[in-house]
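A short write-up of the structure that comes next.
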Amino acid sequence: MPKAIKPKQLPLRLNRVGKTDVRTQFAALCYRIRKNKVEVCIITTRRTKRWILPKGWPMHKQTPAQAAATEAWEEAGLTGKAYDRCLGVYTYQKTIGTEVLPVITLVYPVKITAVHSEWPEAHQRRRKWVSLSKAASKVKEPELKRIIASFTPAMVKR
C-alpha cells in the first residue's frame, strides 16, 4: 500500500485586531494538466490587485468544496470538479470598512474542465494560469505558499 501524501501545515497565526471572532472562508485551488505539468489559476484582488486564489464565505446548503467551486466560477470564470478534501488552511487579515478581521481559509482542489471567456467578475479581476512554483511565489500568505507548492493531483484521489 503506498504511503499517504500529507502536506505539512504551518502553524496558524490569528492576530486579534478589531473583532475577536474569527471568520471562515473557502478557497479553490483551481488546477489543470497541460503538457504533463500542473497549472494553477491565480486571480487578482479587486482592490489591491495582488494575486490570490478564488475564495469566499460559506454558502447556505453548500459544502465547503461546493462553495469553493462557486467562487472559482464567480471570480475566475472556471468550472470543474470540486473535491471534498481540504488541502490545508491559511490565515490572513481582511479589512471590511474600518474593521480588520482575522480570517481562516480552507483550501479545496477543483479540477478545471472549462475556462469561460465571460463570468460575473471578469471586469474586476485578472486571471492567470501558472506553474505551482510560480503561483506559490506570487501569493503573500506563507501557509498558502506551502499549500500550493506541495500540491499534487494525487492528493485528490484518496
Side-chain angles (χ1 to χ4, degrees), residues 2 4-10 12 23-96 101 103-158:
I5 301 168
K6 293 182 182 177
K8 296 213 182 226
Q9 177 64 54
L10 293 176
L12 302 178
R23 307 297 170 96
T24 303
Q25 287 192 320
F26 304 121
L29 192 151
C30 301
Y31 74 97
R32 67 184 182 186
I33 311 297
R34 289 286 153 118
K35 298 179 182 172
N36 292 322
K37 295 192 188 253
V38 179
E39 292 182 336
V40 175
C41 184
I42 53 176
I43 61 169
T44 57
T45 62
R46 287 189 276 203
R47 192 172 51 87
T48 64
K49 304 301 181 196
R50 67 185 180 83
W51 293 104
I52 61 168
L53 296 181
K55 64 181 171 15
W57 306 108
M59 296 179 191
H60 185 62
K61 294 189 176 181
Q62 286 194 0
T63 67
Q66 290 167 336
T70 297
E71 294 301 332
W73 159 247
E74 291 176 357
E75 296 183 353
L78 305 172
T79 54
K81 165 102 172 102
Y83 292 89
D84 286 315
R85 162 109 172 74
C86 182
L87 298 171
V89 176
Y90 72 95
T91 59
Y92 76 103
Q93 304 292 315
K94 182 165 186 72
T95 303
I96 300 177
L101 304 172
V103 178
I104 186 165
T105 306
L106 288 74
V107 180
Y108 290 85
V110 180
K111 184 173 185 180
I112 300 306
T113 55
V115 178
H116 304 272
S117 57
E118 294 182 25
W119 68 92
E121 297 183 16
H123 300 291
Q124 300 169 26
R125 301 178 187 274
R126 286 181 54 214
R127 77 175 169 209
K128 181 184 250 189
W129 287 97
V130 295
S131 67
L132 290 166
S133 61
K134 182 81 134 187
S137 75
K138 295 241 181 231
V139 298
K140 176 182 162 189
E141 299 81 5
E143 302 105 333
L144 181 55
K145 287 177 180 291
R146 171 86 50 99
I147 292 165
I148 293 170
S150 67
F151 175 74
T152 68
M155 294 171 150
V156 301
K157 298 200 173 32
R158 286 183 271 138

Where do [X] and [Y] come nearest, in terms of heavy atoms and distance?
X	Y	answer
Ile148	Ala135	CG2-CB, 3.8 Å
Glu75	Pro54	OE1-CA, 3.2 Å
Cys30	Ala72	SG-CB, 3.6 Å
Trp119	Glu74	CD1-O, 3.2 Å
Gly80	Val110	C-CG1, 4.2 Å
Phe151	Leu132	O-CD1, 3.4 Å

Can you tell me how far the [atom1] atom of [X] sits from the [atom2] atom of [Y], to the nearest 0.5 Å?
X	Y	atom1	atom2	value
Leu78	Thr113	CG	OG1	9.5 Å
Gln25	Ile104	CD	CD1	11.5 Å
Arg46	Ile43	CZ	CD1	9.0 Å
Tyr108	Arg85	OH	CZ	10.5 Å
Leu29	Leu144	CG	CG	8.0 Å
Arg146	Glu141	CZ	CD	14.5 Å

ask   = Checking side chain to side chain contact (heavy atoms under 4.5 Å, CB included) for the pair Trp51/Lys128: CA distance, chi angles, key distance, verdict?
value = CA-CA 9 Å; Trp51 293 104; Lys128 181 184 250 189; 3.8 Å; yes
ask   = In this structure, which one of Thr44, Thr45, Val139 forms a side-chain contact (heavy atoms from CB on, under 4.5 Å) with Arg50?
value =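 Exactly one candidate clears the test, Thr45.
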inquiry  = Test your reading of the model: is there a side-chain donor-acceptor pair from Gln62 to the backbone of Ala67, 3.5 Å cut-off?
reply    =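 The answer is yes, because a donor-acceptor pair under 3.5 Å joins these two groups.
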Extract all donor-acceptor atom pairs below 3.5 Å that involve side chains of residues 31-41 and protein atoms in other chains or at least two apart in sequence.
{"unit_1": "Arg32", "atom_1": "NE", "unit_2": "Glu39", "atom_2": "OE1", "d": "2.7"}
{"unit_1": "Arg32", "atom_1": "NH2", "unit_2": "Glu39", "atom_2": "OE1", "d": "3.0"}

Determine whether [X] and [Y] make a side-chain contact, defined as any pair of heavy atoms from C-beta on separated by less than 4.5 Å.
X	Y	value
Trp129	Val115	yes
Met59	Gln66	no
Met155	Leu87	yes

message = The criterion is side chain to side chain contact (heavy atoms under 4.5 Å, CB included); which residues satisfy it with Ala27, sequence neighbours excluded?
response =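 Once residues adjacent in sequence are excluded, the partners of Ala27 under the side chain to side chain contact (heavy atoms under 4.5 Å, CB included) criterion are Leu53, Lys55, Tyr90, Thr105, Val107.
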task = Please check if atom NZ in Lys145 has more than 12 non-hydrogen atoms from other residues, nucleotides or ligands closer than 6.0 Å.
result =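 Correct, the count exceeds 12.
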request  = Using the ring of Tyr83 (Phe, Tyr or Trp, six-membered ring only), decide whether Lys81 places NZ or CZ under 6.0 Å from its centre and within 45 degrees of its axis.
outcome  =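 Yes - Lys81 lies over the ring of Tyr83, closer than 6.0 Å to its centre and within 45° of its axis.
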